[in-house]
Amino acid sequence: MTDTAVRADETASPQPAHPLDPATAAEYLAGREIMAAAGLLAGPTRFAYYGLEEPPKDDVLAGRAAGRRLRAFLINTATGESADVVVSLADQKVVSVRRLDPRTDGQMPIIDSDFAAVDEIVKADPGWRAAMARRGLDDVSKIRACPITAGVFGVADDDRRRMVRVLAFVQESEHDLAWAHPVDGVAAYVDLVAKKVFKITDEFELPVPASSGDYDDEAVRGPHRTTLRPIEITQPEGPSFILNGHALHWQDWSLRIGFDAREGLTLHQISLCGRPVIYRASISEMVVPYGDPRFRYWQAYFDAGEYLVGKWANSLELGCDCLGEIAYLDATVTGDGGQPRVIKNAICVHEEDFGILWKHTDIFNGSAQTRRQRRLVVSYFTTVGNYDYGFYWYFYLDGTIECEVRATGVLFTSAHPGGDHPYSTEVAPGLAAAFHQHLFSARLDMTVDGPANAVEEVDVTGLPVGPDNPYGNAIVQHVTRLTRESHAGRRADGARGRTWRIISTEHQNTFGRPVSYTLYPESAPVLLADPAAPLTPRAGFATNHLWVTRYDPAHRYPAGDFVNQHPGGAGIPAFIAGDQDIDGADIVLWHTFGPTHVPRPEDWPVMPVARCGFTLKPTGFFDRNPTLDVPPPSPHCPAD
Ligand SMILES: [Cu+2]
């Protein structure tokens, strides 16, 4: 084993070193004390979210020492009463308490104890047991209840209460993979406050698919292949990065690493050669809508706003999840009671060789040079139900920033009805996986050489034959400045090579052009739900690939603060309602990306990683290739 854990120079001090550092265990406890003393935690009150309330950007940039604040979403599980609370640790007091009306404001995210409660509630319900018994499932101890956020569909008795809808799977033995055995056609609707099943939909019966999906079972997977020889990554002099607390330095890059139960990994104050590029970057929401219109039409998860992706972060294993010289950071999240829980080795920082950086063999002067690319990788992995997501941010020697999401885990399944079912793929005998989308929203608070930025949409096209283009070979850029929020909801266009350039309106390069970074999107479909679908206003952010908004510290989540059972219109649609000027302002880009997933048989029983993401490249940010100073990889490499 050559992989090495590089312990960061972390202090054990409960006091965070920087205003943007994640909240510490001691801070969570201190904040909890303040809330308890104010009487906010009476009765069965639980924390549905608990995290750092980041200080205003102006204060951070001005170096003003802002007092630390925490934000908590509290829910009384007996009454459903919900409150959005901010406490000041410095002042030892509650700063604000906003009582929510969940019918209009939305419900609190799903909490840990909901999972266990739902299992008990459905198994105690005679109607649900009868529905299972009709399908020959008399032993409910073998049934796994899967609670799914309910959405809002305008059905009166569905939408006025804190609820989940519950699908069932059969787990034949302790190690059986339950996702292989969906019980289709039936769902229980559970009122989480009344703690009872209030409705059962039972539309059709199909046989529970029987084939094992237990990929750990040698009888299912077959013997391990023996033909893979070891690959070892060694860095005998150690990695080239320095991690000091949450501050990371590598080559000309510097940034700060944060972590939040809702957004997971957050990156702050990303700069290159001492020049700011992004003030804050995160994946601030995601929605996974399924396309089966039968009784399960409501299946769509907002994994960040409804389930809190960061809370389910994995502890990473050296030599398994990460190879080479690794520095880990722990993440601290909290349980329902507001008690801290440390996820060891949640964030992985390492350096990777990435093939050729540049290379040329010159036909005239005989020079033959090769340089190798490297990237700094900051990543974490999380498990939300059946799926697992890896979130990777890459920083390259040439100034490129890349975000990659890796989706893996197990498909969400149903029973295949036979024939050419239009909405799903048969992935094992009688087992179906519905078509669905994974749509992520990257929140990119840009500061390209300072906060005064603007966005240009750049298309590339040919021109028709004409007096200035007699042979029809002309290629031109079409540059459109996005000047107002109302005009900045944009779609990618692969046929026109569409990109978006984030320019400084204050700084120019040697050619007299604004320094800029270009966002290169993947041209995958945006939300495929009909514009009239109840989901569409709830997932408004996902209806375009790009939005640009004026920076507002309250605009953090593109589907709104309270996504669970929110009727729609929060987040991006509300942010842009004021139609502010975004030209030469402090602006935030919201970029929608992600796959539309038509499952393949090869995605079963566990799915090989599917990648998606986007790239940001310096574009006239430098005056020439910034990597000419990268030395040859080894003395024997130059051929001349
Ligand atoms: Cu998928």
Side-chain angles (χ1 to χ4, degrees), residues 77-78 80 102-103 107 110-111 113-172 178-210 288-301 306-307 385-386 412-417 421 423-424 430-434 436 533-535 564-565 567:
T77 57
R103 295 179 181 200
Q107 294 280 358
I110 300 295
I111 60 176
S113 56
D114 288 336
F115 290 94
V118 160
D119 191 69
E120 285 178 26
I121 291 165
V122 296
K123 287 177 180 172
D125 183 73
W128 186 83
R129 292 176 77 106
M132 294 299 129
R134 273 198 298 283
R135 291 163 170 81
L137 304 168
D138 294 307
D139 182 359
V140 295
S141 71
K142 289 184 173 175
I143 300 180
R144 300 289 158 263
C146 183
I148 295 170
T149 48
V152 176
F153 292 88
V155 180
D157 66 341
D158 291 5
D159 298 342
R160 297 289 180 193
R161 54 177 100 209
R162 179 170 168 80
M163 64 174 283
V164 288
R165 303 180 215 257
V166 182
L167 295 172
F169 295 83
V170 177
Q171 189 170 14
E172 281 293 345
W179 308 107
H181 314 299
V183 183
D184 209 351
V186 59
Y189 294 12
V190 172
D191 184 322
L192 292 171
V193 177
K195 298 184 176 50
K196 64 172 191 185
V197 175
F198 68 93
K199 182 172 168 182
I200 288 181
T201 56
D202 194 348
E203 282 198 357
F204 57 85
E205 290 177 26
L206 283 170
V208 176
V288 187
Y290 283 73
D292 186 339
R294 298 177 298 169
F295 80 104
R296 51 207 307 160
Y297 61 86
W298 35 261
Q299 208 179 339
Y301 325 116
E306 293 180 337
Y307 289 101
N386 54 304
F412 204 100
T413 54
S414 52
H416 195 272
H421 190 235
Y423 315 113
S424 67
L431 183 71
H436 59 276
L535 175 65
N564 190 13
Q565 293 181 256

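When reading the values below, keep in mind they use all heavy atoms of this one structure, side chains included, and skip hydrogens, waters and symmetry mates. Bear in mind the structure is a predicted one, so any value in this text is a computation, not a measurement.
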Check: Aromatic ring centroids of Tyr301 and Tyr290 under 6.0 Å?
Finding: yes
Notebook entry, point to check: What are the two closest heavy atoms between Ala131 and Val186, and how far apart are they?
Noted result: CB-CG2, 3.9 Å
Next item on the list: Identify, with sequence neighbours excluded, every residue that meets salt bridge (charged side-chain N to carboxylate O under 4.0 Å, His left out) alongside Glu120.
Entry: none
Item checked: Residue pairs passing the salt bridge (charged side-chain N to carboxylate O under 4.0 Å, His left out) test where at least one lies in residues 179-191, sequence neighbours excluded -> Arg161-Asp191, Asp184-Arg294, Asp184-Arg296
Checklist line | Residues in salt bridge (charged side-chain N to carboxylate O under 4.0 Å, His left out) contact with Lys142, at least two apart in sequence or another chain | finding: Glu172
Check: Is it true that Arg134 and Asp202 have a side-chain N and a carboxylate O under 4.0 angstrom from each other?
Finding: yes
Item checked: Sequence-distant partners of Arg144, salt bridge (charged side-chain N to carboxylate O under 4.0 Å, His left out), two or more places apart -> none
Check: For the atom pair CD1 (Ile148) and CD (Gln299), what is the distance rounded to the nearest 0.5 Å?
Finding: 4.5 Å
Note to self: Holding to salt bridge (charged side-chain N to carboxylate O under 4.0 Å, His left out), I want the full list of residues that pass it with Lys196, two or more places apart in sequence or in another chain.
What the structure shows: none
Next item on the list: Check whether any side-chain heavy atom of Tyr189 lies under 4.5 Å from a side-chain heavy atom of Val164, and answer yes or no.
Entry: no
Item checked: Contact summary for Pro147 and Val166, nearest pair of heavy atoms -> CA-CG2, 4.3 Å
Item checked: side chain to side chain donor-acceptor pair (under 3.5 Å) against Ser424, all qualifying residues, sequence neighbours excluded -> His421
Item checked: Test item: Met132 and Val183 side chains (from C-beta on) under 4.5 Å apart, heavy atoms -> yes
Margin query: Using the side chain to side chain contact (heavy atoms under 4.5 Å, CB included) criterion, which residues pair with Pro289? Sequence neighbours excluded.
Written below: Val287, Ala300, Gln437, Leu527, Leu535
Check: Under a 4.5 Å cut-off applied to non-hydrogen side-chain atoms, are Arg162 and Asn564 in contact?
Finding: yes
Item checked: Which residues share a side chain to side chain donor-acceptor pair (under 3.5 Å) with Thr149, sequence neighbours left out -> Glu306
Next item on the list: Report yes if some heavy atom in the side chain of Val197 is under 4.5 Å from a heavy atom in the side chain of Lys199; otherwise report no.
Entry: no
Item checked: Considering all heavy atoms, the nearest Val208-Pro182 contact -> CG1-O, 3.7 Å
Notebook entry, point to check: Can you tell me how far CZ of Arg135 sits from CD1 of Ile143, rounded to the nearest 0.5 angstrom?
Noted result: 10.0 Å
Next item on the list: Scan for ring-ring contact (aromatic ring centres under 6.0 Å, His included) pairs involving residues 117-168, sequence neighbours excluded, and state none if there are none.
Entry: Phe153-Tyr297
Next item on the list: Calculate, to the nearest 0.5 Å, the distance between atoms CG and CD1 belonging to Leu192 and Ile121 respectively.
Entry: 6.5 Å
Note to self: Against Thr413, only a single residue in Asn386, Leu167, Leu431 fulfils side-chain contact (heavy atoms from CB on, under 4.5 Å); can you say which?
What the structure shows: Leu431
Next item on the list: Take Leu137 and Val170 through the test side-chain contact (heavy atoms from CB on, under 4.5 Å) and record every step on the way to the result.
Entry: CA-CA 9 Å; Leu137 304 168; Val170 177; 3.9 Å; yes
Checklist line | Arg165 (side chain) donor-acceptor with Ala150 (main chain) under 3.5 angstrom | finding: yes
Check: Do Lys123 and Asp119 meet the salt-bridge criterion of a basic N to acidic O distance under 4.0 Å?
Finding: yes
Checklist line | Closest approach of His181 to Pro209 (non-hydrogen atoms, all atoms of both residues) | finding: ND1-O, 2.7 Å
Next item on the list: Apply ring-ring contact (aromatic ring centres under 6.0 Å, His included) to Phe198 and list each qualifying residue two or more places apart in sequence or on a separate chain.
Entry: none
Notebook entry, point to check: What pairs with Phe169 under ring-ring contact (aromatic ring centres under 6.0 Å, His included), at least two apart in sequence or on another chain?
Noted result: Trp179, Phe412
Next item on the list: Please name the pair of heavy atoms, one in Ala415 and one in Pro207, separated by the smallest distance, quoted to 0.1 Å.
Entry: CB-O, 3.9 Å
Note to self: So Val193 and Thr77, do their side chains get closer than 4.5 Å, heavy atoms only?
What the structure shows: no
Checklist line | Residues which pass side chain to side chain contact (heavy atoms under 4.5 Å, CB included) with Ala180, listed by chain and number, not counting sequence neighbours | finding: Trp604
Next item on the list: Please check if the side chain of Gln565 supplies one atom and the backbone of Met163 the other of a donor-acceptor pair under 3.5 Å.
Entry: yes
